[in-house]
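Worksheet for the structure shown next.
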Protein chains: 2
Amino acid sequence: MTEISKTEFEVLEVLWQKQPASANEIIESLNQVKEWHDKTVKTLLNRLVKKQAIAFEVDQRRYLYYPLIERESYMAKESKSIVERMFSGRVSPLVAGFAKHNQLAKDDIDELKKIISAWEHEQESDND
Amino acid sequence: MTEISKTEFEVLEVLWQKQPASANEIIESLNQVKEWHDKTVKTLLNRLVKKQAIAFEVDQRRYLYYPLIERESYMAKESKSIVERMFSGRVSPLVAGFAKHNQLAKDDIDELKKIISAWEHEQESDND
DNA sequence: CTTTGTTGATTACGTTTGTAATCAATACTG
DNA sequence: CAGTATTGATTACAAACGTAATCAACAAAG
């Protein structure tokens with residue numbers, strides 16, 4: 001479970017969206033956003049395999065890659081660790097920063113409200 | 001404005017808390033949490049200076065270091081970039097993840113509520 | 001004045017990362 | 001079958017990183 005680098009993460013994202021996928025599909029998909037050489041993407045795929053973040057099955061001449069780690073849980077662990085390092089574990093300061101710098105849109109506010117009320121309902125039922 | 005590494009960040013944090021500070025003060029402060037060799041901390045200080053994240057003034061035989069970048073703005077930029085990379089710019093999914101994995105405490109909820117109502121008030125006044 | 005300790009500067013060194021190029025195996029083409 | 005194209009594997013290589021050790025300059029101690 002080594003660390004996954006920023007660039008590796010972007011490759012993973014593609015795989016989470018569409019899985020399994022051949023190197024070329026991945027490269028193409030990435031090309032819509034990034035300017036990476038195919039070789040570069042291949043290297044990243046290799047490294048992800050080594051890190052056991054993804055795997056592949058052989059399909060003729062190609063490999064079909066798929067993630068071994070779940071997006072959900074990776075995100076959770078990763079964001080927890082970031083928030084821990086930067087905000088001693090609390091999300092609210094992060095959100096506060098966003099608010100302060102006008103990075104919050106109505107959508108976010110609505111979402112946050114939902115999260116809050118869900119959380120509160122859960123508390124109730126916990127207390128049963 | 002090169003990137004600041006994780007370890008460098010921890011040194012910066014100390015400086016943000018107490019500024020200016022001599023290398024030894026910093027080392028001591030870090031020692032309460034980390035097991036870093038003094039030499040290591042010195043290296044990090046040096047690198048931070050090179051990256052123009054901190055500077056120092058000479059005080060006799062020692063240097064007194066102080067941050068050149070503001071915590072506030074560093075945090076804002078950094079968290080924006082993280083949220084951008086990982087959640088396409090929205091904080092709410094991050095918070096949702098936290099909620100889902102029981103990483104939200106009552107305090108956080110209260111804080112979030114405050115943030116929300118502040119945001120809403122601001123909207124009103126914007127609309128005036 | 002010589003020795004010793006302190007403090008920053010310089011150097012070290014293996015690993016990870018970003019970014020590819022080259023090699024090798026195999027499949028397609030003429 | 002020989003040459004070319006494709007695809008993954010291996011190798012490359014500089015910069016950044018984590019983690020120090022050594023060097024140099026100067027001050028304190030004897």
Side-chain angles (χ1 to χ4, degrees), chain A residues 1-15 19-31 33-68 74 78 81-82 85-86, chain B residues 1-15 20-31 33-69 74 78 81-82 85-86:
Chain A
M1 299 281 202
T2 336
E3 291 271 305
I4 286 168
S5 82
K6 290 179 190 183
T7 45
E8 286 159 4
F9 174 75
E10 304 213 46
V11 174
L12 248 183
E13 279 280 50
V14 171
L15 271 183
Q19 147 205 169
S22 71
N24 276 343
E25 289 171 323
I26 296 169
I27 290 167
E28 204 183 324
S29 176
L30 280 167
N31 265 354
V33 193
K34 295 276 153 184
E35 302 239 329
W36 286 342
H37 203 286
D38 353 1
K39 305 295 189 180
T40 302
V41 178
K42 301 264 185 109
T43 300
L44 294 175
L45 283 168
N46 258 306
R47 289 184 182 165
L48 283 168
V49 169
K50 282 223 181 79
K51 292 183 179 182
Q52 291 180 288
I54 69 177
F56 56 81
E57 43 181 63
V58 182
D59 166 49
Q60 312 270 69
R61 302 228 35 201
R62 300 132 178 254
Y63 285 1
L64 294 184
Y65 295 90
Y66 56 91
L68 284 180
Y74 174 80
E78 204 48 24
S81 124
I82 288 171
R85 281 198 308 105
M86 298 187 59
Chain B
M1 300 284 201
T2 335
E3 292 271 306
I4 286 167
S5 81
K6 290 178 192 184
T7 46
E8 287 159 4
F9 175 75
E10 304 214 46
V11 175
L12 249 183
E13 279 280 49
V14 171
L15 272 184
S22 71
N24 275 342
E25 288 171 325
I26 296 168
I27 289 167
E28 204 181 324
S29 176
L30 280 168
N31 265 354
V33 193
K34 295 275 153 185
E35 302 240 328
W36 285 343
H37 203 284
D38 353 0
K39 305 296 188 179
T40 302
V41 178
K42 300 265 185 109
T43 300
L44 294 174
L45 283 168
N46 259 307
R47 289 185 181 163
L48 282 168
V49 170
K50 282 225 180 77
K51 291 182 181 183
Q52 291 181 288
I54 70 178
F56 57 81
E57 43 180 63
V58 181
D59 166 51
Q60 313 269 71
R61 303 228 34 204
R62 303 132 176 255
Y63 285 3
L64 295 184
Y65 295 91
Y66 56 90
L68 284 181
I69 61 190
Y74 174 79
E78 206 46 24
S81 123
I82 289 169
R85 280 199 306 107
M86 298 187 58

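Chain letters run A, B, ... following the sequence lines, proteins first and then strands; every chain starts at 1.
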At a heavy-atom distance below 4.0 Å, what parts of residues 61-68 of chain A sit against DNA chain D? A:R61, A:R62, A:Y63

Any N or O donor-acceptor pair under 3.5 Å from the base of C:dT10 to the side chain of B:R47? no

Any A:K50 side-chain N or O less than 4.0 Å from OP1/OP2 of C:dT17: no

Nucleotide D:dT7, atom P - distance to CZ of A:F56 in whole Å: 15 Å

A:S22 near the nucleic acid: base, sugar-phosphate alone, or nothing, with a heavy-atom cut-off under 4.0 Å? nothing

Say you draw a straight line from CG of A:L45 to CZ of A:F56; how long is it, rounded to the nearest 0.5 Å? 10.0 Å

So, is A:W36 close to the C:dG18 phosphate, meaning a side-chain N or O under 4.0 Å from OP1 or OP2? no

Please report the distance, rounded to the nearest Å, between CG in B:N46 and P in D:dC23. 18 Å

Shortest non-hydrogen contact from B:I54 to B:Y65? CD1-CD2, 3.7 Å

Taking atom types as they are modelled, is there a donor-acceptor pair under 3.5 Å from the base of D:dA16 to the side chain of B:S5? no

Measure from CG on B:L44 to P on D:dG18 and round the result to the nearest Å. 7 Å

Using a strict cut-off of less than 4.0 Å between a Lys/Arg side-chain nitrogen and an Asp/Glu carboxylate oxygen, indicate whether B:E3 and A:K6 qualify as a salt bridge. yes

Rounded to the nearest angstrom, tell me the gap between atom NZ in A:K51 and atom P in C:dT15. 14 Å

Euclidean distance, atom CD of residue B:E3 to atom P of C:dT17 [Å, nearest integer]: 13 Å

Quickly work out the B:Q60 CD to D:dA27 C1' distance and round it to whole Å. 11 Å

Write down the atom of B:E8, the atom of B:L44, and the distance for their closest heavy-atom approach. CG-CD2, 3.9 Å

Would you please confirm or rule out a distance under 4.0 Å between OP1 or OP2 of D:dT11 and any side-chain N or O of A:K42? no

Counting N and O atoms only, with roles assigned by atom type, does the side chain of A:T43 sit under 3.5 Å from a partner on the main chain of A:K39, one being a donor and the other an acceptor? yes

Base, sugar-phosphate alone, or nothing: which one does B:N24 contact when heavy atoms must sit under 4.0 Å apart? sugar-phosphate

How long is the line joining NZ of A:K6 and P of D:dC17, in whole Å? 9 Å

Looking at CG of B:L30 and CD of B:E13, how far apart are the two atoms once the value is rounded to the nearest 0.5 Å? 10.5 Å

How close do B:K51 and B:S5 get, heavy atom to heavy atom, and via which atoms? NZ-N, 4.2 Å

Assess the residue pair B:E10 and B:W36 against the criterion (side-chain contact (heavy atoms from CB on, under 4.5 Å)); give the C-alpha distance rounded to whole Å, side-chain angles, the decisive distance to 0.1 Å, and a yes or no. CA-CA 11 Å; B:E10 304 214 46; B:W36 285 343; 3.9 Å; yes

Pairwise 5' ranking along DNA chain D for A:T43 and B:T43, keeping only the more 5' one: A:T43

Along DNA chain C (nearest heavy atom to each residue), the more 5'-positioned of A:E8 and A:T40: A:E8

Roughly, in whole Å, what's the span from CZ in B:F9 to P in D:dG18? 13 Å

What is the nucleic acid contact for B:T7, judged by heavy atoms within less than 4.0 Å: base, sugar-phosphate only, or nothing? sugar-phosphate

Side-chain atoms of A:H37 come closest, of C:dA20, C:dG8, D:dA9, to C:dA20

Ignoring hydrogens and geometry beyond distance, is the side chain of A:K39 in donor-acceptor contact with the base of C:dT22 at under 3.5 Å? yes

